[in-house]
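Beneath this line is the structure, given in structure tokens, with notes to follow.
Since this is a predicted model, take the numbers as computed values, not measurements.
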Amino acid sequence: MQIVEENKVITITYELKENDQHGELMERMDANYPFVFLFGTGALLPAFERELEGLLEKDSFEFVLKCREAYGEVKEENKINVPRAVFQIEGAEPPNLIVENNYVALTDDHGETHHGKILEFNDLMVKVDFNHVMAGKNLYFKGAILNIRDATIDEIIQRHHLPMSGVRG
């Protein structure tokens, strides 16, 4: 029987809730739409991988990641006032873009894209929260390991799961 370890492609189902089993449902990956990933690449939260490491196919899991193990605390310095002119495209602001609680993507001077949520705005400035949407939250996971398989050479080289025709997971 396969074990969750480096260079294995893991297929899981899970429910993600805030804080505990009674918390708000934030995400669900079920058997029809499972989460498939290459274990050990550093692409996932390290604490998440630590909780899964060593499990066997068909094992279930249930754990909480405290916010410091997940996406960290909400940082006030990540709430930034951005000149409203930055949101213009070809000299015009797209309609219905600058709205409280809208999510926006902005590109910095280095070409990196940052996602944020509009908190408030006026005629000159837009206050955007660039904290991760799950920052400040404890994350409760409950799920099961559906499948474990050896990664292909291509997957190991590319450091991510590649869909395989005829093979689920």
Evaluate Arg149 against Glu155 for salt bridge (Lys or Arg N to Asp or Glu O under 4.0 Å), listing each step before the verdict.
CA-CA 12 Å; Arg149 69 168 172 80; Glu155 289 171 321; 2.8 Å; yes

CA sep, side-chain torsions, deciding dist, call: Glu120, Lys127, salt bridge (Lys or Arg N to Asp or Glu O under 4.0 Å)
CA-CA 5 Å; Glu120 58 188 44; Lys127 188 167 192 173; 5.1 Å; no

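- Checked against Lys17 for a side-chain contact (heavy atoms from CB on, under 4.5 Å), the options Leu25, Leu139, Val64 give a single hit: Leu25.
- Annotation: side chain of Leu97 is in contact with side chain of Val104 (closest heavy-atom distance under 4.5 Å).
- At a threshold of 4.5 Å between non-hydrogen side-chain atoms, the residues Ile3 and Ile148 do not count as touching.
- With sequence neighbours excluded, the residues that form a side-chain contact (heavy atoms from CB on, under 4.5 Å) with Asn122 are Leu124, Met125.
- Ion pairing between a basic and an acidic side chain is recognised when a charged N comes within 4.0 Å of a carboxylate O; Arg84 and Glu93 show such pairing.
- Looking at Glu15 and Arg28, a side-chain N of the basic residue comes within less than 4.0 Å of a carboxylate O on the acidic one, giving a salt bridge.
- With contacts defined as side-chain heavy-atom distances shorter than 4.5 Å, the pair Phe35/Thr13 does not qualify.
- Donor-acceptor pairing under 3.5 Å is recorded for the side chains of Lys8 and Gln2.
- Ile10 and Leu44 fall within a single hydrophobic cluster, where Ile, Leu, Val, Met, Phe, Trp and Tyr are joined by side-chain heavy atoms under 4.5 Å apart, directly or via other members.
- Using bins of under 30°, 30° to 60° and over 60° for the plane-to-plane angle, the ring pair His132/Tyr71 lands in the parallel bin.
- Using a 4.5 Å heavy-atom threshold, the side chains of Glu57 and Asn147 count as touching.
- A 4.5 Å side-chain heavy-atom check between Phe141 and Leu52 finds every atom pair outside the cut-off.
- Smallest separation of non-hydrogen atoms from Ala135 and Val74: O-CG2, 3.6 Å.
- Heavy-atom neighbours of Asn96 CG from other residues, nucleotides or ligands within 6.0 Å: at or below the threshold of 12.
- Side-chain atoms of Leu119 and Lys79, non-hydrogen and from C-beta on, do get closer than 4.5 Å to each other.
- Within the 4.5 Å cutoff, the side chain of Ile118 has no heavy atoms near those of the Asn101 side chain.
- Side-chain polar atoms of Glu62 and Tyr140 form a donor-acceptor pair below 3.5 angstrom.
- Atom CD of Glu24 sits in a sparse spot, with 12 or fewer heavy atoms from other residues, nucleotides or ligands closer than 6.0 Å.
- With a 6.0 Å radius and a threshold of 12 heavy atoms from other residues, nucleotides or ligands, Lys75 has its NZ atom at or below the threshold.
- Partners of Glu53 under the side-chain contact (heavy atoms from CB on, under 4.5 Å) rule, at least two apart in sequence or in another chain, are Phe39.
- Under the 4.5 Å side-chain criterion, counting only non-hydrogen atoms from C-beta, Thr11 is not in contact with Phe37.
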